[in-house]
Amino acid sequence: YMQESGIYIHIPFCKIKCIYCDFYSITNKESMISKFVESLIDEINYLNIDSTPNLKINTIFFGGGTPSLLDAKSYEKIIGALNKKFNLSSLEEMTLEANPGECNLNLLKNLKKIGFNRLSIGVQSLHQAHLKFLSRIHSEKDSIDTFKDAVAAGFENINTDLIYNIPNQSLSEWKKDLSKIVDLQPTHISAYSLTVEKNTALYSLTKNNSIIMPAEDIEIEMFNNCKSILENNNYPQYEISNYSKIGFECKHNLHYWKMNPYFAFGPSANGFDGKKRWNNI
């Protein structure tokens, strides 16, 4: 029996640190990318996998940070190293997280060519004021253009990330975001409630009352509206924050929910071999 499992790789580089983000990321360090890629490959080569022979790797997920800041050549090297270490002949899904306006058509075409078949676009909001509050540096137009470029590059499995429960966001603005995204017809939609995590700028701002988070009943109303709008548009909910067309559920995410093993590489990545968990500092 071969157990399905995944690989997660953390890419920490970002152009700007978002106020709500508690993932490990670094800004103004893009000069370190090539050194980082070498180190990541060393880490992959160093792994001893003899103890887990019966694993069938069917997903790879590059998260961040902003993975789309690396060029296709870097990914070719990383995937080459993974291919030497693991048997990737059963690979079904390889996802890259991308920021709108930070990956052009040419890059997307090259990523598709080297085997990426799923793209996750960090849209977050289609209202300029909310994007500014979230410290996102893209516009609504960037999100739509990047989505259309991804389709033009041949991606048939595209997720859009959205955020609700943003201070001063109205229910009608949230519904408008959902209907514009549904019009684009992605195969998968992630809708996250803005949560205040420790060690973020948002945490400090709410702690000293510079920012007041919406009341819980508003959050619940936004959640319920999201669920009914998306389900009425053929995006059934299959996990708390995730909705997809039938057959396009994120296979990699499901590994976490099913307690399947997954290997992890990169700074702050978390792995699980079926018995014990580990995380990189």
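Quick note: residue numbers are just sequence positions, from 1.
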More than 12 heavy atoms of other residues, nucleotides or ligands under 6.0 Å from [atom1] of [X]: is that the case?
| X | atom1 | answer |
| --- | --- | --- |
| N199 | CG | no |
| E239 | CD | yes |
| N270 | CG | yes |
| K109 | NZ | no |
| F23 | CZ | no |

Side-chain contact, heavy-atom cut-off 4.5 Å: [X] with [Y]?
| X | Y | answer |
| --- | --- | --- |
| F223 | I218 | no |
| T95 | T59 | no |
| C18 | L134 | no |
| M94 | I79 | yes |
| N58 | H255 | yes |
| S5 | I57 | yes |
| Y238 | H188 | yes |
| L69 | E102 | yes |

Measure from the side-chain N and O atoms of [X] to the backbone N and O of [Y], and report whether any donor-acceptor pair falls under 3.5 Å.
| X | Y | result |
| --- | --- | --- |
| S190 | N242 | no |
| E219 | P214 | no |
| N83 | G80 | no |
| E221 | D217 | no |
| D161 | S120 | no |
| T187 | I158 | yes |
| S244 | E249 | yes |
| Y243 | C226 | no |
| E97 | G122 | no |

Does any donor atom in the side chain of [X] or [Y] lie under 3.5 Å from an acceptor atom in the other side chain?
| X | Y | answer |
| --- | --- | --- |
| D42 | S39 | no |
| D149 | T146 | no |
| K17 | S135 | no |

Are [Y] and [X] connected in a single hydrophobic cluster, I mean Ile/Leu/Val/Met/Phe/Trp/Tyr linked by side-chain heavy atoms less than 4.5 Å apart?
| X | Y | result |
| --- | --- | --- |
| I211 | I163 | yes |
| W278 | I9 | yes |
| Y192 | Y20 | no |
| F248 | V151 | no |
| L119 | V182 | yes |

Just how far is it from atom [atom1] of [X] to atom [atom2] of [Y], taken to the nearest 0.5 Å?
| X | Y | atom1 | atom2 | result |
| --- | --- | --- | --- | --- |
| Q3 | N260 | CD | CG | 5.0 Å |
| L82 | L47 | CG | CG | 10.0 Å |
| I7 | L91 | CD1 | CG | 8.0 Å |
| E173 | L126 | CD | CG | 11.0 Å |
| S228 | Q237 | OG | CD | 11.0 Å |
| L40 | I44 | CG | CD1 | 4.5 Å |

Is there a side-chain contact (heavy atoms from CB on, under 4.5 Å) between K245 and N234 once you walk through the steps? CA-CA 6 Å; K245 293 185 173 181; N234 300 319; 5.5 Å; no
Mind checking salt bridge (Lys or Arg N to Asp or Glu O under 4.0 Å) for D22 and listing every partner two or more places apart, or none if nothing turns up?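 Expected list: none.
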Return the set of residues passing salt bridge (Lys or Arg N to Asp or Glu O under 4.0 Å) with K35 (not counting sequence neighbours), or none when no residue passes.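 Scan of K35 (salt bridge (Lys or Arg N to Asp or Glu O under 4.0 Å), adjacent residues dropped) gives E38.
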Aromatic ring pairing H130/H127, orientation class (parallel under 30°, perpendicular over 60°, tilted between):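 Tilted.
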Ring geometry between Y262 and F272 (parallel below 30°, tilted from 30 to 60°, perpendicular above 60°):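 Tilted, since the angle between the ring planes falls between 30° and 60°.
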Could you go step by step and tell me if I78 and L70 meet the side-chain contact (heavy atoms from CB on, under 4.5 Å) rule? CA-CA 11 Å; I78 297 165; L70 270 61; 4.2 Å; yes
Can you name the closest pair of heavy atoms from [X] and [Y] and give their distance?
| X | Y | value |
| --- | --- | --- |
| L111 | Y75 | CD2-CD1, 3.8 Å |
| S68 | L107 | O-CD2, 3.5 Å |
| G266 | N280 | O-ND2, 2.7 Å |

Carefully, step by step, assess E93 and N157 under the rule side chain to side chain donor-acceptor pair (under 3.5 Å). CA-CA 9 Å; E93 178 189 275; N157 191 357; 4.7 Å; no
With F263 as reference, evaluate F61, Y8, F86 under the ring-ring contact (aromatic ring centres under 6.0 Å, His included) test and give the passing residue.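 Of the listed options, the one satisfying the test is F86.
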Does the pair R118 and N159 meet the rule for a side-chain contact (heavy atoms from CB on, under 4.5 Å), with working shown? CA-CA 8 Å; R118 186 173 184 275; N159 169 57; 3.6 Å; yes
Salt bridge check: are E140 and K180 linked by an N-O gap of less than 4.0 Å?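 Looking at E140 and K180, the cut-off is met.
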May I have the step-by-step check of side-chain contact (heavy atoms from CB on, under 4.5 Å) for Y164 and L171, ending in yes or no? CA-CA 9 Å; Y164 63 94; L171 185 60; over 6 Å; no
Member of K15, R136, H138 meeting the side chain to side chain donor-acceptor pair (under 3.5 Å) criterion with N99: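 Answer after filtering K15, R136, H138: R136.
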